[in-house]
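Worksheet: one structure, shown below.
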Amino acid sequence: MSTTGILSPLDIDDLDDILVIEDRAYLFPWSEGNFRDSLRTGDSIWGLRDGASLIGYFVLMRVVDEMHLLNISVDPARQGQGHGAVLLRHALQLATLAGASGVLLEVRPSNAQALAIYHHFGFQRIGVRRDYYLAHDGREDAWVLRLPLPVRVAAGTRS
């Protein structure tokens, strides 16, 4: 298992690399407009690179006192090597540093690999969004998962 790489914020100059992975990773990928909107509104978009090559990325949006993990993707050629866990761990660290009470995300119930990672990190299912995702045979539900984060206490420390 190889998890080497450098994490850094991504911007509009990285959009082409992001879209290549997005198109490889999903049958129904985010559009260029989705990523442009996230960049425009200031969502936290980070990537994991191996030299000049983008391995994967995530998009994290603040929603009141929580963070919403909108997208997390690893190039299919690099999956199964721990890169998803590196990205998720960094997203959780950013959310914790931002003082978020928790992290929410949606996931396809059919995405066993993602569910295994999320459960490993302690995410729990808190709901279902009916017919949320496009699918070959129409629509697929999304499971809503949440991970509570440590509560902020005096002097900026965590408990």
Side-chain angles (χ1 to χ4, degrees), residues 1-10 17-31 34-35 38 43-50 53-153 157-159:
M1 178 181 297
S2 171
T3 57
T4 60
I6 302 295
L7 285 159
S8 62
L10 300 179
D17 291 340
I18 292 169
L19 291 171
V20 167
I21 292 175
E22 187 72 9
D23 287 340
R24 286 180 187 161
Y26 299 107
L27 293 174
F28 302 98
W30 268 28
S31 70
N34 292 130
F35 286 103
S38 284
D43 294 341
S44 186
I45 304 177
W46 283 71
L48 179 65
R49 288 193 180 276
D50 181 3
S53 298
L54 187 63
I55 297 170
Y57 52 86
F58 66 81
V59 180
L60 192 63
M61 176 179 74
R62 183 168 204 96
V63 180
V64 190
D65 67 334
E66 295 195 314
M67 295 297 235
H68 190 161
L69 186 62
L70 298 175
N71 189 325
I72 183 167
S73 302
V74 172
D75 188 326
R78 303 293 297 266
Q79 290 179 2
Q81 300 173 23
H83 301 301
V86 169
L87 288 162
L88 182 56
R89 187 173 298 110
H90 191 68
L92 297 176
Q93 289 170 345
L94 291 176
T96 300
L97 289 171
S101 64
V103 175
L104 291 169
L105 59 85
E106 290 88 15
V107 62
R108 290 176 187 265
S110 63
N111 191 343
Q113 187 175 3
L115 284 168
I117 292 170
Y118 297 141
H119 287 139
H120 174 79
F121 275 81
F123 281 85
Q124 298 294 316
R125 191 171 96 183
I126 62 166
V128 175
R129 298 192 199 284
R130 299 280 176 221
D131 298 328
Y132 187 78
Y133 291 112
L134 289 174
H136 281 299
D137 55 355
R139 308 289 297 184
E140 182 177 359
D141 292 345
W143 285 355
V144 181
L145 305 184
R146 183 175 188 275
L147 177 69
L149 295 176
V151 177
R152 184 177 292 280
V153 293
T157 60
R158 309 298 271 177
S159 65

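Since this is a predicted model, take the numbers as computed values, not measurements. This chain uses plain numbering: 1 for the first residue, then up along the sequence.
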Check your understanding: Taking all atoms of both residues into account, what is the closest heavy-atom pair of Val107 and Leu105, and its distance?
Key -> CB-CD1, 4.1 Å

Check your understanding: Can you tell which of Arg130, Arg129, Arg108 makes a salt bridge (charged side-chain N to carboxylate O under 4.0 Å, His left out) with Asp141?
Key -> Arg130

Review point. If you round to the nearest 0.5 Å, how far is NE2 of His68 from CZ of Arg62?
Key: 14.0 Å

Check your understanding: Have Asn34 and Glu22 got a donor and an acceptor in their side chains that come within less than 3.5 Å?
Key -> no

Check your understanding: Do the rings of Phe35 and Tyr57 sit parallel, tilted or perpendicular, given the 30° and 60° boundaries?
Key -> perpendicular

Practice item. Identify the heavy atoms of Trp46 and Ser8 that sit nearest to each other, and give their distance. Key: CE3-C, 3.3 Å

Practice item. Would you check if Leu54 and Val20 make a side-chain contact, meaning some heavy-atom pair closer than 4.5 Å? Key: no

Practice item. Please confirm whether the backbone N or O of Leu104 pairs with a side-chain atom of Arg146, one donor and one acceptor, at under 3.5 Å? Key: no

Review point. Nearest 0.5 Å, what's the CG-CG distance between Leu149 and Asp65?
Key: 10.5 Å

Exercise for review: Start with the C-alpha gap between Asp17 and Arg49, add the side-chain angles, then the distance that decides, and say whether side-chain contact (heavy atoms from CB on, under 4.5 Å) holds.
Suggested key: CA-CA 11 Å; Asp17 291 340; Arg49 288 193 180 276; 3.4 Å; yes

Check your understanding: Could you go step by step and tell me if Phe123 and Val103 meet the side-chain contact (heavy atoms from CB on, under 4.5 Å) rule?
Key -> CA-CA 9 Å; Phe123 281 85; Val103 175; 4.1 Å; yes

Review point. Among Asp75, Ile55, Val74, whose side-chain contact (heavy atoms from CB on, under 4.5 Å) with Ile21 holds?
Key: Asp75

Point to revise | Close side-chain approach of Trp30 and Val59, heavy atoms under 4.5 Å | key: yes

**Study point:** Where Ser44 and Leu94 come nearest, the two heavy atoms and their spacing
**Key:** OG-CD1, 3.7 Å

Review point. What distance do Trp143 atom CH2 and Leu145 atom CG have between them, rounded to the nearest 0.5 Å?
Key: 8.0 Å

Review point. Which value, rounded to the nearest 0.5 Å, describes the distance between Asp50 atom CG and Arg78 atom CZ?
Key: 4.5 Å

Practice item. Using distance alone, with no hydrogens and no angle criterion, decide if Glu106 and Tyr133 have a side-chain donor and acceptor under 3.5 Å apart. Key: no

Check your understanding: Between Pro76 and Ala25, which heavy-atom pair has the shortest distance, and what is it?
Key -> CG-CA, 3.7 Å

**Study point:** Among Asn71, Leu70, Leu10, side-chain contact (heavy atoms from CB on, under 4.5 Å) partner for Ser38
**Key:** Leu70

Review point. If you measure from CG on Asn111 to OH on Tyr26, what distance do you get to the nearest 0.5 Å?
Key: 7.5 Å

Exercise for review: Could you check if a side-chain atom of Ile72 sits within less than 4.5 angstrom of a side-chain atom of Tyr118, using non-hydrogen atoms only?
Suggested key: yes

Check your understanding: Leu69 versus Leu88: any side-chain heavy-atom pair under 4.5 Å?
Key -> yes

Study note, to complete from the structure: Shortest non-hydrogen pair, Met67 vs Ala98, comes out as CE-CB, 4.0 Å

**Study point:** Smallest separation among heavy atoms of Gly80 and Gln113, with atom names
**Key:** N-NE2, 3.9 Å

